[in-house]
Amino acid sequence: MTVRLLQCDALRPDRRAIARTIEDIADDVDSGTATEYTDILLAGSPVEIEVSFNESSAYRSLRKLDIEYELVE
């Protein structure tokens, strides 16, 4: 499943927590790529990731970090 991360609505977003979450939930994303995706997301541009394992847990993690997302077919 492709997930488009749209924006982070947190008042003070935790860059390390966001990068770690992206690294944990996305397929084939290492820590450097996750950090890059985090920077792009916090700059205001959407990021697309592939999630294939434990999707409901991934969505819960994104909501906990106040990351707005949408599912892409």
Side-chain angles (χ1 to χ4, degrees):
M1 173 75 56
T2 301
V3 178
R4 182 176 296 135
L5 308 179
L6 302 172
Q7 64 185 15
C8 181
D9 293 331
L11 241 33
R12 296 180 61 184
D14 184 347
R15 289 180 180 272
R16 285 188 291 172
I18 294 170
R20 193 171 331 123
T21 299
I22 291 172
E23 182 181 2
D24 289 344
I25 67 173
D27 300 339
D28 300 324
V29 173
D30 62 7
S31 62
T33 305
T35 301
E36 184 179 329
Y37 285 171
T38 300
D39 292 341
I40 293 168
L41 178 66
L42 294 178
S45 297
V47 175
E48 288 189 4
I49 59 173
E50 287 291 324
V51 177
S52 63
F53 181 75
N54 206 355
E55 293 174 3
S56 62
S57 177
Y59 305 145
R60 187 173 32 253
S61 297
L62 293 172
R63 285 191 301 271
K64 185 177 178 183
L65 292 169
D66 291 325
I67 296 175
E68 186 178 329
Y69 65 90
E70 67 182 8
L71 305 178
V72 179
E73 292 299 320

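All residue numbers in this chain count up from 1 along the given sequence.
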Subject >> Pairing residues for Y69 by the ring-ring contact (aromatic ring centres under 6.0 Å, His included) criterion, not counting sequence neighbours >> reply: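 With neighbours one apart ignored, the set is Y59.
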Original post:
Between atom CD1 of I49 and atom CG of L62, what is the distance when rounded to the nearest 0.5 Å?
Top reply: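 Here the interatomic distance stands at 6.0 Å.
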Original post:
Could you give the distance from CG (L42) to CD1 (I67), rounded to the nearest 0.5 Å?
Top reply: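 One gets 7.5 Å once the value is rounded to the nearest 0.5 Å.
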Original post:
Do the side chains of L6 and V29 join up, straight or via other hydrophobic residues, at under 4.5 Å, putting them in one cluster?
Top reply: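 Looking at the clustering, V29 is in a separate group from L6.
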Original post:
Got a sec, which residues hit side chain to side chain donor-acceptor pair (under 3.5 Å) with D28, two or more places apart in sequence or on another chain?
Top reply: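 Result, side chain to side chain donor-acceptor pair (under 3.5 Å) vs D28: none returned.
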Original post:
Members other than V72 in its cluster, when Ile, Leu, Val, Met, Phe, Trp, Tyr link by side-chain heavy atoms under 4.5 Å?
Top reply: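 Members besides V72: none; it forms no cluster.
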Original post:
E48: what forms a salt bridge (Lys or Arg N to Asp or Glu O under 4.0 Å) with it, not counting sequence neighbours?
Top reply: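 E48: salt bridge (Lys or Arg N to Asp or Glu O under 4.0 Å) contacts with R4.
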Residues 50-57, side-chain donor-acceptor partners within the protein, below 3.5 Å, at least two apart:
{"from": "E50", "atom 1": "OE2", "to": "T2", "atom 2": "OG1", "distance (Å)": "2.4"}
{"from": "S52", "atom 1": "OG", "to": "D27", "atom 2": "OD1", "distance (Å)": "3.2"}
{"from": "S52", "atom 1": "OG", "to": "D27", "atom 2": "OD2", "distance (Å)": "2.9"}

Please tabulate, for the side chains in residues 10-26, all donor-acceptor contacts under 3.5 angstrom to protein atoms that are two or more places apart in sequence or on a different chain.
{"from": "D14", "atom 1": "OD1", "to": "R16", "atom 2": "N", "distance (Å)": "3.3"}
{"from": "D14", "atom 1": "OD1", "to": "A17", "atom 2": "N", "distance (Å)": "3.3"}
{"from": "R15", "atom 1": "NH1", "to": "D39", "atom 2": "OD1", "distance (Å)": "2.7"}
{"from": "T21", "atom 1": "OG1", "to": "A17", "atom 2": "O", "distance (Å)": "2.8"}

